[in-house]
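Worksheet: the structure to be examined is printed underneath.
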2 protein chains.
Amino acid sequence: MTAASKPASLPLTERQEARRRRILHASAQLASRGGFEAVQMREVAESSGVALGTLYRYFPSKVHLLVATMQDQLQRLHETLRKRPPTEEEPSARVAQTLMRAFRAMQREPHLAEAMVRALTFADRSVSPEVDTVSRLTTAIILDAMGLPGSPTPAQLSAVRVIEHTWHSALITWLSGRASIAQVKIDIETVCRLIDLTNPN
Amino acid sequence: MTAASKPASLPLTERQEARRRRILHASAQLASRGGFEAVQMREVAESSGVALGTLYRYFPSKVHLLVATMQDQLQRLHETLRKRPPTEEEPSARVAQTLMRAFRAMQREPHLAEAMVRALTFADRSVSPEVDTVSRLTTAIILDAMGLPGSPTPAQLSAVRVIEHTWHSALITWLSGRASIAQVKIDIETVCRLIDLTNPN
DNA sequence: CGAGCCACTGGAACCTGTTGCACTTCAGCG
DNA sequence: CGCTGAAGTGCAACAGGTTCCAGTGGCTCG
């Protein structure tokens, strides 16, 4: 609910909506093949059948485009996860399980993951709103995974923030070949223990 | 000790050493003014009195250059911190205090910080060795701060890894204006509690 | 001293993100 | 129906990272 669809800032027509989708699809396609550097604006424009200028009207920069692509992918992931919630009991284990699932999804499309995550962390202030949307989506996924009865406490929100930080940074170290899959798993499990800390407190 | 000076991979002559320093100095200078985008290779070359080709011989890309700049700055920070170790008692508090000092140093040169951190997280596989050096330096700083009697346990090393992740990612959110200084402080303090978890365990 | 080698220089050239512009097309409105 | 302004097109141009190359200068080794 928080940041689902376009907030009606612009009531896109059908044709425009279709264009937007074609662009995002082309972006993901190219990213899947060759990662960040393979997503070239002229290529995206051509393979989505749109003029370069139009592409820039929809996404003011390559980073905007890739961050939007990430929003898109995250939304799908979120839905998938909703259908099959984690099976663990403890909130910390549930979150770890969920993140490991997401991680496995990324392992299936490492180039796409690389493109999106690189864009996300390279984004400067001009992309803040979009990056923030991604962040809220991620937070929503984690909170969902925790399966809390009520609304989260401030301490829990802090823990979630830190988990997100770790998640992004661990992904980067994996994508750049500086950490193994096993290492990422350990890191995720390590941070998730922070959640336990917020319970009896 | 771990990753201090150049590992004699190339025994640079004096003139070369001097050139290298001039380049790094110019890089930091330009970064301090306008951040990542202000560090332009042609500018760096000119203001360090070196041909563009030579600059590229020393640092094969802009990202390499900025990561090397970060190594340089981190080394200075490490020495500064050695002279004035944290005053807190608890390891977790000591680490938090140390990171907050580092954070304050970055607040003094936000553009420089932005340039270095952006480069660090944008780095691809070709920069892995250099990024790894930065990572080891950071680890060393944190372990120093903990003030352990013996060598760290695996659990402690995991905690340190997660702290590093959080540190980098929190910096990025701050640099891109998505988190306040206060928020970063909270995040750092939150992760540092992981260290306590490794003690009585 | 001369030959060979390697780092350094200056500058052109290339690639890709980004911008600007003149022109066409489309949707809504009188 | 025709008008009008926004949206889309095609293309040229610019910017900055990166590469290439033909020289040049200084060094060592014979």
Side-chain angles (χ1 to χ4, degrees), chain A residues 6 9-24 26-27 30-31 33-69 115-116 118-119 122-127 130, chain B residues 6 9-24 26-27 30-31 33-69 114-116 118-120 122-127 130:
Chain A
K6 298 95 232 161
S9 56
L10 312 177
L12 297 183
T13 72
E14 260 183 58
R15 289 172 82 76
Q16 289 174 321
E17 192 54 47
R19 258 189 215 107
R20 193 188 141 88
R21 289 209 182 295
R22 284 207 309 279
I23 294 173
L24 286 175
S27 166
L30 289 168
R33 301 217 191 299
F36 187 86
E37 65 172 20
V39 180
Q40 304 196 352
M41 299 305 269
R42 291 176 236 254
E43 292 254 344
V44 173
E46 184 174 6
S47 68
S48 53
V50 142
L52 191 55
T54 306
L55 172 52
Y56 272 95
R57 177 184 296 273
Y58 281 76
F59 303 96
S61 80
K62 173 169 173 172
V63 169
H64 281 87
L65 171 58
L66 283 170
V67 171
T69 304
M116 297 187 307
R118 291 266 294 285
F122 189 59
D124 67 358
R125 304 179 102 89
S126 71
V127 204
E130 289 80 2
Chain B
K6 300 96 229 161
S9 57
L10 312 178
L12 298 182
T13 70
E14 259 183 59
R15 286 173 83 78
Q16 288 174 324
E17 192 54 48
R19 258 188 214 108
R20 194 187 139 88
R21 291 210 180 294
R22 284 207 309 277
I23 294 173
L24 286 175
S27 166
L30 288 169
R33 303 217 189 299
F36 186 87
E37 64 170 21
V39 180
Q40 305 198 349
M41 299 305 268
R42 290 176 238 253
E43 291 253 345
V44 173
E46 184 174 6
S47 69
S48 51
V50 141
L52 191 54
T54 306
L55 172 52
Y56 273 94
R57 176 183 298 271
Y58 281 76
F59 303 96
S61 79
K62 173 170 173 171
V63 170
H64 280 86
L65 171 58
L66 282 171
V67 171
T69 305
E114 185 252 17
M116 299 187 306
R118 292 266 294 284
L120 199 68
F122 188 59
D124 68 0
R125 302 180 103 88
S126 70
V127 204
E130 289 79 2

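First the proteins, then the strands, lettered A, B, ... as listed; each starts at 1.
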What is the distance from [atom1] of [X] to [atom2] of [N], rounded to the nearest Å?
X        : N      : atom1 : atom2 : result
A/Phe122 : C/dT16 : CZ    : P     : 17 Å
B/Tyr58  : C/dC6  : OH    : C1'   : 12 Å
A/Tyr56  : D/dC11 : OH    : P     : 18 Å
A/His64  : C/dT18 : NE2   : C1'   : 13 Å
B/Glu46  : C/dT9  : CD    : P     : 13 Å
B/Arg57  : D/dT18 : CZ    : P     : 17 Å
B/Ile23  : C/dC8  : CD1   : P     : 9 Å
B/Glu14  : D/dC27 : CD    : C1'   : 15 Å

Between A/Arg42 and A/Gly53, which is nearer to the 5' end of DNA chain C once each is assigned its nearest nucleotide?
A/Arg42

Of B/Leu52 and A/Lys62, the one whose closest DNA chain C nucleotide lies more 5':
B/Leu52

What's A/Val39 touching, base or sugar-phosphate or nothing? Going by heavy atoms closer than 4.0 Å.
sugar-phosphate

Could you tell me the separation between the [atom1] atom of [X] and the [atom2] atom of [Y], rounded to the nearest 0.5 Å?
X       : Y       : atom1 : atom2 : result
B/Gln16 : B/Arg20 : CD    : CZ    : 11.0 Å
B/Leu66 : B/Leu30 : CG    : CG    : 10.0 Å
B/Ser48 : B/Glu43 : OG    : CD    : 10.5 Å

What I want to find out is whether A/Glu46 reaches A/Arg42 closely enough, with some N-O distance under 4.0 Å, to be called a salt bridge.
no

With a 3.5 Å distance limit and no angle check, can you tell me whether B/Lys62 reaches the backbone of B/Phe36 through a side-chain donor-acceptor pair?
yes

Quick check on D/dT9: is either OP1 or OP2 less than 4.0 Å from any side-chain nitrogen or oxygen of A/Thr54?
yes

Give a yes/no answer on whether the side chain of A/Gln16 brings an N or O atom under 4.0 Å of OP1 or OP2 in D/dG8.
yes

Quick one: which of D/dG16, C/dT9, C/dT16 gets closest to the side chain of B/Ala51?
C/dT9

Could you say whether A/Leu55 or B/Met41 is positioned toward the 5' end of DNA chain D, judged by the nucleotide with the nearest heavy atom to each?
A/Leu55

